Amino acid sequence: MKKIKNFFLSINTKLILLIILGMIVLSSSLVVISVLLSGRILTKGARTQMNLFCEERADDINTELLRIEDAVGALSRWTQSKIPGVSKISEDEELRDAIVRDADDLIRFMTANNEFIQGAYIHYTLDITGVTDRDEGVYYTRGENGEFAIIPFTQTEIEQDPVAEFWYYGPIRNKAALWTKPYFDGSVDDYIISYVQPIFIDDTPVAIIGIDINFAKLLELVDSMRYRETGYMYLKESDGSAHYHIDDLVGPGEEHLHNDEVDHIVDNADLMDAEETGNELIRYNYNGGDRVMAFVTLRNGMKFVLCDDYDSIYKEKNRATILMISVTIGLTIVLAIVAAVMASRITDPLRKLTSAANEISGGDYDVVLPPEKNNEVGELSRAFRLAIDKIRAREEDNMARAVMQSQRIEKAAERLKKQNRDIIALKNLAYADSLTKVKNKTAYDDTIGYINEQIKHGTAEFAVIMCDLNYLKLINDHYGHQAGDQALKRASDIICTAFPMSSVFRIGGDEFVVIPSGIEYARLEEHLENMRLMLEEEKASSDELEKCISISFGSAVFERKTDKTYQDVFERADKLMYEEKQRIHALDGYDANNR
């Protein structure tokens, strides 16, 4: 009993127990902190990575949808420009047929090389034609050979068409372009979604312009996308009323669709009604599996959903946690053993080393240590000396490493600067039109997005000048496409000369858009007049239309009270440009139908 009491009273024992206890407390604290911090970092990284992947794939689909919207919008503007008025188009069957015939090349061009397009159509409304057995429009559909063919479709058949609510009545009631929900079209024996835009004149619906997308092919594209090993994607309605997988679309009335009710939400249920999950994930249970999802709302209003197993997404976090716990426990055991061995060699005369230890803690390593005799004090003295030497060597090594690290950082910074310069150069190339060297359609789309953000924040102040090269087809027909390219370059030079400090974009074959800079915006009329004078000099240089550059242009200024988007200003400028083109054609005696 006395030996046990003396054992616990010895400094050696107390020191050993103190060191071991300290190691345990420190290791436990470190493992808890490490697990929490690393868990948060890895969890956030997993959420961000999954949402980013979802957004990137959604952008791919949105690109296809935007191409459809642009095609329908262009065809609608073209068709509306050909309609003289409600009464004229109602009374003149030949005019209606002529517009449809003239649209053939445009429709075939817009639908070419797009495997998702199932059909396209221009159809006059019953308000214009009445219910007749006459074809009042044209309907193109893709056959089994992949080629587009025209299917007859009379006005009487509209009232009998079971899907007319989607492509005809719905857009007219909406009075604006819309994306339909998926529906089964018996004429093509498949599921489709449509983007339809009605044309109104004086509040009278005149025509319906639309493009049908093969919804099954769209789902095949979505189904082919994979995220890691177990992640998959699907589409669903914005309200969650239907989830669309390619295997679910069997046939009309036989769909194996389900809705959000089968997903038992565990975390972030409030995000189910949001436009996107952002940097969060929704955790839910489906068929007994613990899962997570991220989603982004597409241009057609449907949600693009990415799902994966919960354990698969956070497996790195779990591995890191297990690894940190294992390493910490192992280090604790090793350090405790080392501490016990070292403490067992410490004896009572520790006070003799207190002064030396204080000096060492103050940074003075030139201390006088007790003699290194063959006892515990001697051993400790030698340990002090060795520790001092190691500290000195470590400090010198750390200083050398710091110098090397600083050099590496400087080299890395130089490489990063060069990479940034290369990225900027590549971006500038990507934004340039290869023929005219002005900015291209990609740069134009990015600029529109930036301007719309300014409009939302109330800081927008801009104008749009829509320019169109006249007689390009005439030049190509007489002198060849190389001459046409030279005409486009010359037209670009004239526009850039008139607006040297502004952003000039080539947005189509012979179409240019100018968004004046701040200085030139303030003197807009002066620059417009300069361009008129240059065009008059061009016209005076030759009596032949093919040998001089003729440009129609129209300008519009952003009105804060009435304009909601950039498109509102653009449409006014486009309309004025078209009126100017008509005027120039009339003055030049040019009639495209007789040339």
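Fair warning: this is a prediction, and the values are worked out from it, not measured in the lab. Keep in mind that the numbers below use all heavy atoms, side chains included, and drop hydrogens, waters and symmetry copies.
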(request) Could you please spell out the steps behind the side-chain contact (heavy atoms from CB on, under 4.5 Å) verdict for Leu235 and Lys303? (result) CA-CA 6 Å; Leu235 299 179; Lys303 290 181 177 179; over 6 Å; no
Between [X] and [Y], is any side-chain donor less than 3.5 angstrom from a side-chain acceptor?
X      : Y      : answer
Gln118 : Asn214 : yes
Gln197 : Arg77  : no
Glu165 : Tyr183 : no
Ser241 : Asn259 : no

(request) Output yes when a side-chain donor or acceptor of Arg560 lies under 3.5 Å from a complementary backbone atom of Thr562, and no otherwise. (result)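 No: the side chain of Arg560 does not pair with the backbone of Thr562.
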(message) Under a 3.5 Å distance rule, please check whether Thr48 uses its side chain to pair with a backbone N or O of Gly45 as donor and acceptor.
(response)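 Checked: no pair found.
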Could you check if a side-chain atom of [X] sits within less than 4.5 angstrom of a side-chain atom of [Y], using non-hydrogen atoms only?
X      : Y      : result
Ile151 : Val138 : no
Ile68  : Asn300 : no
Leu306 : Phe53  : yes
Asp185 : Tyr191 : no
Ser517 : Phe499 : no
Asp260 : Lys236 : yes

Is it the case that atom [atom1] in [X] sees more than 12 heavy atoms from other parts of the structure closer than 6.0 Å?
X      : atom1 : result
Glu261 : CD    : no
Gln454 : CD    : yes
Tyr169 : OH    : yes

(request) Check whether the ring centres of Phe462 and Phe558 lie less than 6.0 Å apart, and answer yes or no. (result)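 Between Phe558 and Phe462, which both carry aromatic rings, the centre distance is below 6.0 Å.
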(message) Measuring centre to centre across the rings, with the benzene-like ring taken for any Trp, is His245 within less than 6.0 Å of Tyr234?
(response)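 Ring centroids of His245 and Tyr234 are less than 6.0 Å from each other.
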(message) In terms of relative ring orientation, are Tyr244 and Phe215 parallel, tilted or perpendicular, with 30° and 60° separating the classes?
(response)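 It falls in the perpendicular class, over 60°.
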(request) On the 0 to 90° scale, with breaks at 30° and 60°, tag the Trp167-Phe153 ring pair as parallel, tilted or perpendicular. (result)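 Perpendicular, since the angle between the ring planes exceeds 60°.
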(message) Does the Lys NZ or Arg CZ of Arg283 fall within the cation-pi geometry relative to Tyr310 - under 6.0 Å from the ring centre and within 45° of the axis?
(response)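 So Arg283 does make the cation-pi contact.
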(message) Do the side chains of Asp445 and Lys441 get close enough for a salt bridge, i.e. N-O under 4.0 angstrom?
(response)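 Result for this pair is yes, salt bridge flagged.
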